[in-house]
K.L.:
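The following block contains the structure, expressed as structure tokens.
Side chains included, hydrogens not; waters and symmetry mates left out as well; all remaining heavy atoms used. Count residues from 1 along the sequence.
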Amino acid sequence: MTARNPSGRKGMILLNVLLVVSVAAVVVTLMMTSQEVAIDRTVRFREAAQAKAYARAGEASVIVALRRDAVEAPASDHSREAWRAVEDQNVVIEGGRFGLKVRDDQAFFNINSIGAGNPLARARFARVLESLGLSDQILNPVVSYVSTSGPLANLGELRVVGLRPADIETLSQLVTALPRETAINMNTADERLLAVLFDSPVTARLLASRRQRLGYLTPADLSGLNTLVPAGAGFTSNFFTVETEVQVGETRQRTASSLVRRASPAGAQVVVYSRQRLSASIAEMPVGSIRRRKVSD
């Protein structure tokens with residue numbers, strides 16, 4: 001008759017107990033981890049919602065300022081007006097920081113203007129390339145592409161014709177892509193672009209100096225220099241971009257909202273015709289990444 005081994009039996013019982021405890025510990029750990037992930041996800045969703053709300057509030061403040069400006073000062077748009085004063089950087093908000101910038105998009109040469117068989121626009125684009133130090137070999141491929149595939153939604157699309165990201169980044173100093181024909185606002189345009197408009201660096205320098213002193217230009221300023229307002233130029237704008245950067249907790253959002261201002265029977269309207277999340281430079285944007293609504297006159 002075989003004798004039982006009490007110590008071996010106790011060892012098996014202990015092993016089973018340890019196994020059960022180990023499994024239970026794993027289950028509890030998984031439950032706690034899952035709960036932590038769920039809590040973290042909820043926090044991120046809340047932070048993202050707050051950041052979006054701040055961005056939309058900033059966008060709304062610019063819309064209101066542009067509407068008011070259309071009533072109070074319809075003859076001119078310049079950097080000392082209230083719509084530009086809305087800008088603010090690194091503002092402390094609950095749980096983070098907020099920044100807002102406003103860009104007059106008509107301070108730039110509209111790349112889509114070269115796609116309508118416009119010889120003046122093509123000649124100006126050639127001078128823009130020269131002023132930026134870019135190769136004139138870019139000219140024909142870009143003109144051909146815009147003519148056949150335009151209007152462009154963003155300059156990033158020019159990678160299709162071989163432009164490097166660095167070239168597109170340089171081009172963006174003076175060039176943008178707007179959905180319809182636009183005039184260049186001489187009150188906000190870079191001095192290099194003024195030189196392109198007047199085909200005269202001297203005239204551009206004189207106008208830029210006067211603009212810096214007074215804040216804006218008028219037709220009388222051009223008359224004083226015995227020159228006229230160039231074709232495709234003016235003193236007002238209707239296209240603007242609002243860029244907001246919001247950080248709430250560990251969530252950071254950068255958003256660009258494209259605005260157009262237009263007249264209506266009820267008064268000036270300012271509407272958002274595209275929004276996009278920003279995470280990189282313009283040269284790194286995916287081709288066709290900006291979704292636009294059709295902009296009517």
K.L.:
Using atom types as modelled and distance alone, determine if a side-chain donor or acceptor of R210 lies under 3.5 Å from a backbone N or O of L217.
P.N.:
no

K.L.:
Applying side-chain contact (heavy atoms from CB on, under 4.5 Å), name anything that partners S209, two or more places apart in sequence or on another chain.
P.N.:
R205, R213

K.L.:
For Q247, give me all partners under side chain to side chain donor-acceptor pair (under 3.5 Å), at least two apart in sequence or on another chain.
P.N.:
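For Q247 there are no side chain to side chain donor-acceptor pair (under 3.5 Å) partners, ignoring immediate neighbours.
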
K.L.:
What's the separation between atom OG1 in T236 and atom CE in M186, rounded to the nearest 0.5 Å?
P.N.:
10.0 Å

K.L.:
Got a second to check how far I114's CD1 is from S147's OG, nearest 0.5 Å?
P.N.:
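Going from the CD1 atom of I114 to the OG atom of S147 covers 6.5 Å.
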
K.L.:
Mark yes or no for whether N112, through its side chain, and L152, through its backbone, hold a donor-acceptor pair below 3.5 Å.
P.N.:
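Answer holds: yes.
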
K.L.:
Do any N or O atoms from the side chain of S61 and from the backbone of G58 form a donor-acceptor pair under 3.5 angstrom?
P.N.:
yes

K.L.:
If a pair satisfies ring-ring contact (aromatic ring centres under 6.0 Å, His included) and one of its residues is in residues 68-97, list it, with sequence neighbours excluded.
P.N.:
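For residues 68-97, and leaving out neighbouring residues, the ring-ring contact (aromatic ring centres under 6.0 Å, His included) pairs sorted by first residue read H78-Y216, W83-F240.
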
K.L.:
Less than 4.5 Å apart, side chain to side chain, heavy atoms only: is that true for V62 and S257?
P.N.:
no

K.L.:
Counting N and O atoms only, with roles assigned by atom type, does the side chain of R261 sit under 3.5 Å from a partner on the main chain of L66, one being a donor and the other an acceptor?
P.N.:
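The answer is yes, because a donor-acceptor pair under 3.5 Å joins these two groups.
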
K.L.:
To the nearest 0.5 Å, what is the distance between CG on L155 and OG on S172?
P.N.:
6.5 Å

K.L.:
Could you tell me if the side chain of V271 sits less than 4.5 Å from the side chain of R262, heavy atoms only?
P.N.:
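R262 reaches V271 side chain to side chain.
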
K.L.:
Can you find a pair of side-chain heavy atoms, one from T203 and one from L206, that are under 4.5 Å apart?
P.N.:
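No. Closest side-chain heavy atoms not under 4.5 Å.
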
K.L.:
Go through the side-chain N and O atoms of S76 and N187 and say whether any donor and acceptor fall under 3.5 Å apart.
P.N.:
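Side-chain D/A pair, S76 to N187: present.
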
K.L.:
Does one hydrophobic cluster hold both V160 and L139, with members joined at side-chain heavy-atom distances below 4.5 Å?
P.N.:
yes

K.L.:
Heavy atoms, side chains only, cut-off 4.5 Å: are D190 and Q173 in contact?
P.N.:
no

K.L.:
How far does OH of Y145 sit from CZ of R159, to the nearest 0.5 angstrom?
P.N.:
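Taking OH in Y145 and CZ in R159, the distance rounds to 10.0 Å.
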
K.L.:
Where do S135 and L129 come nearest, in terms of heavy atoms and distance?
P.N.:
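Looks like O-CD1, 4.1 Å.
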
K.L.:
What distance do I111 atom CD1 and L174 atom CG have between them, rounded to the nearest 0.5 Å?
P.N.:
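Output value for this atom pair is 11.5 Å.
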
K.L.:
Would you name the heavy atoms of K52 and Q253 that are closest together and state the gap between them?
P.N.:
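Heavy atoms of K52 and Q253 come nearest at N-OE1, 3.7 Å.
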
K.L.:
For the side-chain contact (heavy atoms from CB on, under 4.5 Å) test, which of V143, T148, V142 pairs with V146?
P.N.:
V142

K.L.:
Testing the 3.5 Å rule here: is there a donor-acceptor pair between the side chains of N185 and S237?
P.N.:
yes

K.L.:
Measure the shortest side-chain to side-chain distance between V272 and I63 over non-hydrogen atoms and say whether it is less than 4.5 angstrom.
P.N.:
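They are in side-chain contact.
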
K.L.:
Okay, side chain of Q106, backbone of N238: is any donor-acceptor separation there less than 3.5 Å?
P.N.:
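Yes, Q106 side chain to N238 backbone: donor-acceptor pair under 3.5 Å.
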
K.L.:
If the test is side-chain contact (heavy atoms from CB on, under 4.5 Å), which one of R103, R254, E59, E87 qualifies with E243?
P.N.:
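With E243 as partner, side-chain contact (heavy atoms from CB on, under 4.5 Å) holds for just one option, R254.
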
K.L.:
So which pairs with a foot in residues 87-109 pass ring-ring contact (aromatic ring centres under 6.0 Å, His included), sequence neighbours left out?
P.N.:
F109-F125

K.L.:
Looking only at heavy atoms, which two atoms of L132 and L171 are closest? And how far apart?
P.N.:
CD1-CA, 3.8 Å

K.L.:
Can you name the residues that form a side chain to side chain donor-acceptor pair (under 3.5 Å) with T182, not counting sequence neighbours?
P.N.:
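For T182 the side chain to side chain donor-acceptor pair (under 3.5 Å) partners, ignoring immediate neighbours, are N110.
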
K.L.:
Enter the distance from L163:CG to L158:CG here, rounded to the nearest 0.5 Å.
P.N.:
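CG of L158 is found 5.5 Å from CG of L163.
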
K.L.:
Please table the atom pairs, donor to acceptor, closer than 3.5 Å between any side-chain atom in residues 222-234 and protein atoms at least two apart or in another chain.
P.N.:
| residue | atom | partner | partner atom | Å |
| --- | --- | --- | --- | --- |
| S223 | OG | P219 | O | 3.2 |

K.L.:
Indicate the atoms forming the closest heavy-atom contact of E191 with A204, along with that distance.
P.N.:
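Heavy atoms of E191 and A204 come nearest at O-CB, 3.6 Å.
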
K.L.:
Which residue in the set T241, T176, T188 passes side chain to side chain donor-acceptor pair (under 3.5 Å) when paired with D105?
P.N.:
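Answer after filtering T241, T176, T188: T241.
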
K.L.:
With a 4.5 Å cut-off on side-chain heavy atoms, are N118 and R122 touching?
P.N.:
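With C-beta onward as the side chain, the pair stays apart.
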
K.L.:
Is any side-chain heavy atom of T255 closer than 4.5 Å to one of T244?
P.N.:
yes

K.L.:
With heavy-atom distances below 4.5 Å as the criterion, would you say the side chains of R56 and R275 are in contact?
P.N.:
yes

K.L.:
Can you establish whether the number of heavy atoms outside R252 located under 6.0 Å from its atom CZ is more than 12?
P.N.:
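No, because the 6.0 Å sphere around CZ of R252 holds 12 heavy atoms or fewer from other groups.
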
K.L.:
Identify the heavy atoms of S113 and A121 that sit nearest to each other, and give their distance.
P.N.:
O-CB, 3.6 Å

K.L.:
Quick check on the hydrophobic clustering: are V92 and V246 connected, directly or via other members, by side-chain heavy-atom contacts under 4.5 Å?
P.N.:
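Shared cluster, no.
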
